[in-house]
Amino acid sequence: MPAGIQTFNLDGSLEIDYTTRLGLFIGTIQTDSVHGNSTWVGPLPPGDFLFYVVPPPAQPGRTPTVWYSDGRVSWGTDVDANGQPVFSLVPATVLYGVH
């Protein structure tokens with residue numbers, strides 16, 4: 001019996017599938033609308049960083065891309081050739097962990 005997390009689009013197609021190996025959700029953070037901001041979460045157990053963005057109710061902007069480095073979870077969006085954000089970010093809740 002598979003174990004893990006799967007999410008599906010409104011049309012029923014598979015969007016995220018973390019059932020091929022078990023993951024461990026460690027915590028949640030709340031992002032803000034500032035590109036490149038971060039929060040300290042400390043060291044994570046060995047494994048690949050995973051995250052799931054829980055989008056807020058509909059509002060203008062994009063949910064963030066999230067990454068982990070040196071004990072910090074950071075968020076941002078695409079940038080132009082000058083390093084400036086291309087899109088406005090919306091604050092969101094992020095579940096993070098390793099798999």
Side-chain angles (χ1 to χ4, degrees):
M1 177 175 175
I5 185 173
Q6 291 181 321
T7 62
F8 297 86
N9 289 322
L10 291 176
D11 65 5
S13 63
L14 186 62
E15 181 179 44
I16 296 174
D17 184 4
Y18 289 131
T19 59
T20 56
R21 58 182 173 166
L22 289 177
L24 172 66
F25 282 104
I26 295 172
T28 62
I29 61 163
Q30 185 68 38
T31 67
D32 58 24
S33 59
V34 179
H35 172 76
N37 231 356
S38 66
T39 189
W40 174 259
V41 297
L44 297 179
D48 296 325
F49 178 70
L50 72 89
F51 67 92
Y52 182 75
V53 177
V54 180
Q59 53 183 294
R62 284 212 175 166
T63 56
T65 297
V66 179
W67 62 94
Y68 173 83
S69 178
D70 298 325
R72 299 191 78 80
V73 173
S74 304
W75 54 89
T77 186
D78 299 336
V79 294
D80 63 19
N82 297 317
Q84 297 302 309
V86 177
F87 304 105
S88 297
L89 288 175
V90 295
T93 300
V94 176
L95 290 75
Y96 69 90
V98 293
H99 68 97

- Item | Arg72 CZ to Thr39 OG1 distance, which is reported to the nearest 0.5 Å | 6.0 Å
- Message: For a 4.5 angstrom cut-off between non-hydrogen side-chain atoms, does Tyr68 reach Val98?
- Response: no
- Asn9 side chain to Asp11 backbone, donor-acceptor under 3.5 Å: no
- Query: Do the non-hydrogen side-chain atoms of Leu95 and Val54 ever get within less than 4.5 Å of each other?
  - Reply: yes
- Taking every non-hydrogen atom, the tightest pair across Val66 and Phe51: O-CE2, 3.3 Å
- Task: Say whether Val94 and Phe87 are linked into one hydrophobic cluster, either directly or through other cluster members, by side-chain heavy-atom distances under 4.5 angstrom.
- Result: no
- Going by chain and number, the hydrophobic cluster around Val90 (ILVMFWY, side chain to side chain under 4.5 Å) further includes none
- Set of side chain to side chain contact (heavy atoms under 4.5 Å, CB included) partners for Leu10, sequence neighbours left out: none
- Query: Given side chains that start at C-beta, do those of Tyr96 and Leu44 come closer than 4.5 Å, heavy atoms only?
  - Reply: yes
- Item | Asp70 atom CG, neighbour heavy-atom count above 12 within 6.0 Å | no
- Query: Which atoms form the tightest heavy-atom contact between Leu89 and Pro64, and what is the distance?
  - Reply: CD2-CA, 3.7 Å
- Message: Name the residue from Thr77, Asp78, Thr65 that meets the side chain to side chain contact (heavy atoms under 4.5 Å, CB included) definition with His35.
- Response: Thr77
- Query: Do you know which two heavy atoms are closest between Pro55 and Thr63, and how far apart they sit?
  - Reply: CB-CG2, 3.9 Å
N/O donor to acceptor pairs below 3.5 angstrom from side-chain atoms of residues 25-32, sequence neighbours left out:
| from | atom 1 | to | atom 2 | distance (Å) |
| --- | --- | --- | --- | --- |
| Gln30 | OE1 | Thr93 | OG1 | 2.8 |
| Gln30 | NE2 | Ala92 | O | 3.2 |
| Thr31 | OG1 | Ala92 | N | 2.9 |
| Thr31 | OG1 | Ala92 | O | 3.2 |
| Asp32 | OD1 | Val34 | N | 3.0 |
| Asp32 | OD1 | Asn37 | ND2 | 3.3 |
| Asp32 | OD1 | Trp75 | NE1 | 3.1 |
| Asp32 | OD2 | Asn37 | ND2 | 2.6 |

- What about Phe8 and Leu50, same hydrophobic cluster or not, with Ile/Leu/Val/Met/Phe/Trp/Tyr joined at side-chain heavy-atom distances under 4.5 Å? no
